[in-house]
There are 2 protein chains.
Amino acid sequence: MEPTNQPNASRTVPEPTLRRLPLYHRFLKGLAEQGREFVSCTMIAEELGLDPTQIRKDIEVTGAVGRPKVGYVLTELTAAIEGFLGWNNINEAFLVGAGSLGSALLGYSKFEQCGLSIVAAFDADPAKVGQRIHDKMVLPLEKLPNLAQRMGIKIGIITVPAAGAQKVADLMVEGGVRAIWNFAPLRLRVPENVIVRNEDLYCSLAALSQKLAQALEQEKKNEGEVIHAAR
Amino acid sequence: MEPTNQPNASRTVPEPTLRRLPLYHRFLKGLAEQGREFVSCTMIAEELGLDPTQIRKDIEVTGAVGRPKVGYVLTELTAAIEGFLGWNNINEAFLVGAGSLGSALLGYSKFEQCGLSIVAAFDADPAKVGQRIHDKMVLPLEKLPNLAQRMGIKIGIITVPAAGAQKVADLMVEGGVRAIWNFAPLRLRVPENVIVRNEDLYCSLAALSQKLAQALEQEKKNEGEVIHAAR
DNA sequence: TAGATTGTTAATCGATTAACAATC
DNA sequence: TAGATTGTTAATCGATTAACAATC
């Protein structure tokens with residue numbers, strides 16, 4: 001038995017928590033290199049500019065248990081996060097779309113440390129098929145369903161233009177893929193037992209630039225008021 | 001005067017709303033191509049699998065006004081969203097990190113339709129400096145602050161590895177950049193008047209794979225129970 | 001007119017934050 | 001012991017969803 005409680009895997013964990021855990025993990029790795037043995041929520045909170053209570057709640061879902069006054073044993077907490085996120089056992093994935101974004105992702109070797117191994121790329125373009133990108137073969141798209149089925153691939157990554165993305169998603173679903181990381185700027189239609197995570201850059205960009213515009217406008221307004229008040 | 005109300009730009013708009021507006025916009029563009037004249041929240045909701053009331057609230061912030069029973073005039077609503085998101089006037093941006101991800105972003109010509117024009121790339125590697133990527137010059141990193149200042153650049157995009165990202169952010173801030181789109185997997189330290197949007201793929205991946213793991217586990221458990229109950 | 005849809009107010013839900021007892 | 005920190009419960013906050021009157 002492990003020294004930690006049973007992870008709270010049965011109840012669904014809030015998405016924001018899932019997105020913060022890797023941040024904690026990254027920070028802990030840094031501390032480990034410095035030879036630290038313990039870590040408190042206060043410390044993590046200060047580093048990341050978050051609320052200590054929030055961090056404590058996030059950690060709770062991983063099953064890690066700390067000691068009052070001391071904090072968490074660094075190695076234990078790191079292991080608990082890795083275990084909870086499934087970073088110990090590797091998921092194999094197929095990537096479709098061997099363009100520049102796809103090539104970039106194929107080169108992200110650190111995905112392996114996060115439990116993701118992209119084992120092959122696919123493309124509809126015969127000119128790309130047969131190439132090797134970062135040591136991964138580019139295969140013809142039509143072979144995807146069969147291969148995914150045979151290899152038990154559960155994760156698909158879509159880096160094709162919007163126009164071709166739905167077709168790719170359909171092929172993935174046909175091949176038994178259960179989670180799709182979608183970089184194409186559109187919403188895919190998939191059966192409800194398939195998880196989709198959209199990395200829609202246009203949506204992110206919109207949020208960023210609108211906030212910037214608002215901040216700049218607010219400043220202009222404030223300046224105006226200051227000048228007005230100074231008279 | 002326009003036929004719409006004054007956009008609700010003074011109060012800060014919820015982030016989820018900002019991220020959904022581009023989805024509506026994309027759908028409206030599609031409808032326009034089909035020659036439609038009006039659109040209702042119900043229709044948008046069905047297409048995107050969202051709640052109609054939510055869409056109505058989102059639209060409200062853009063200042064667009066609809067008519068009961070009819071819905072919104074398609075062109076009016078489209079214009080309202082574009083106006084609210086600032087897609088009419090273009091922001092110029094600098095990108096730092098002419099690697100594969102950076103190159104991919106430099107090729108996203110549709111950013112221009114969303115008010116973003118990447119006007120130059122920068123890199124610390126002398127081997128990359130002087131190249132042209134998608135018609136954009138790659139300049140030496142150290143020239144960034146001065147150039148940003150002179151050109152009034154307010155948006156910076158970071159596509160360098162984590163190790164170099166903070167230094168890049170510092171240079172951007174020095175050059176007067178006020179919004180940073182950060183693709184490096186770390187949290188940047190910036191003055192509080194600078195907006196940062198993190199595109200941290202490891203965080204997204206963690207959320208996706210944990211959800212997949214949980215779904216698969218849940219299924220296994222359910223299967224077990226079914227078998228158990230069948231006895 | 002009848003009914004679909006908007007606009008708006010109220011209720012619900014979920015996540016963050018605060019409060020505080022337990023404890024090493 | 002005193003004080004920092006955990007674990008947990010309660011309060012707050014913000015976004016989503018429901019309810020419903022107004023209206024074309």
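The figures here come from the full heavy-atom set of this structure, side chains too, leaving out hydrogens, waters and symmetry mates. Here is the naming used below: chain letters follow the sequence lines, and residue numbers restart at 1 for every chain.
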Can you list everything that forms a ring pair (Phe, Tyr, Trp, His ring centres under 6.0 Å) with F111(A)? Sequence neighbours excluded, please. Y108(A), W181(A), Y202(B)

Rounded interatomic separation in angstrom, taking CD1 from I59(B) and P from dA15(D): 18 Å

Residues forming a side chain to side chain contact (heavy atoms under 4.5 Å, CB included) with P14(A), sequence neighbours excluded: P16(A), T17(A)

Pairing residues for R189(B) by the salt bridge (charged side-chain N to carboxylate O under 4.0 Å, His left out) criterion, not counting sequence neighbours: E47(A)

Between dT5(C) (P) and F38(B) (CZ): distance, integer Å: 13 Å

All side chain to side chain contact (heavy atoms under 4.5 Å, CB included) counterparts of S109(B), not counting sequence neighbours: none

Would you mind checking if D200(A) and R26(B) are paired as a salt bridge, meaning a charged N to carboxylate O distance below 4.0 Å? yes

To the nearest angstrom, the CZ-P distance between R67(A) and dA22(C) comes to 21 Å

So the salt bridge (Lys or Arg N to Asp or Glu O under 4.0 Å) pairs with at least one residue in residues 107-117 of chain B (sequence neighbours excluded) are none

Compare every heavy atom of A165(B) with every heavy atom of A184(B), then report the nearest pair and how far apart it is. CB-CB, 3.6 Å

Pairs meeting criterion side-chain hydrogen bond (donor to acceptor under 3.5 Å, both in side chains) with involvement of residues 165-177 of chain B, two or more places apart: Q166(B)-D170(B)

Would you please name every residue forming a side chain to side chain contact (heavy atoms under 4.5 Å, CB included) with K211(A), sequence neighbours left out? E15(B), L18(B), I195(B)

Are OP1 or OP2 of dG7(C) and a side-chain N or O of Y72(B) less than 4.0 angstrom apart? yes

Taking Watson-Crick and G-U wobble pairs with both distances under 3.5 Å, convert DNA chain D into its dot-bracket string, 5' to 3', dots for unpaired and | for cross-strand pairs. ..||||||||||||||||||||||

Taking only residues two or more places apart in sequence, or in another chain, which ones meet V173(A) in a side chain to side chain contact (heavy atoms under 4.5 Å, CB included)? V190(A), P191(A), V194(A)

Using whole Å, report how far CD of E15(B) lies from C1' of dC13(D). 17 Å

Restricting both atoms to N or O, compile the protein contacts to nucleotides 1-4 of chain D shorter than 3.5 Å, with distance only.
none

Tell me which donor-acceptor pairs under 3.5 Å the side chains of residues 78-95 of chain A have, and how far apart each pair is, sequence neighbours excluded?
from	atom 1	to	atom 2	distance (Å)
T78(A)	OG1	L74(A)	O	2.7
E82(A)	OE2	H25(A)	NE2	2.7
W87(A)	NE1	C114(A)	O	3.3

Pull out every protein N or O sitting under 3.5 Å from an N or O of nucleotides 16-20 of chain C, one pair per line with the distance.
from	atom 1	to	atom 2	distance (Å)
dT16(C)	OP1	R20(A)	NH1	2.9
dT16(C)	OP2	R20(A)	NH2	3.2
dT16(C)	O5'	Q54(A)	NE2	3.0

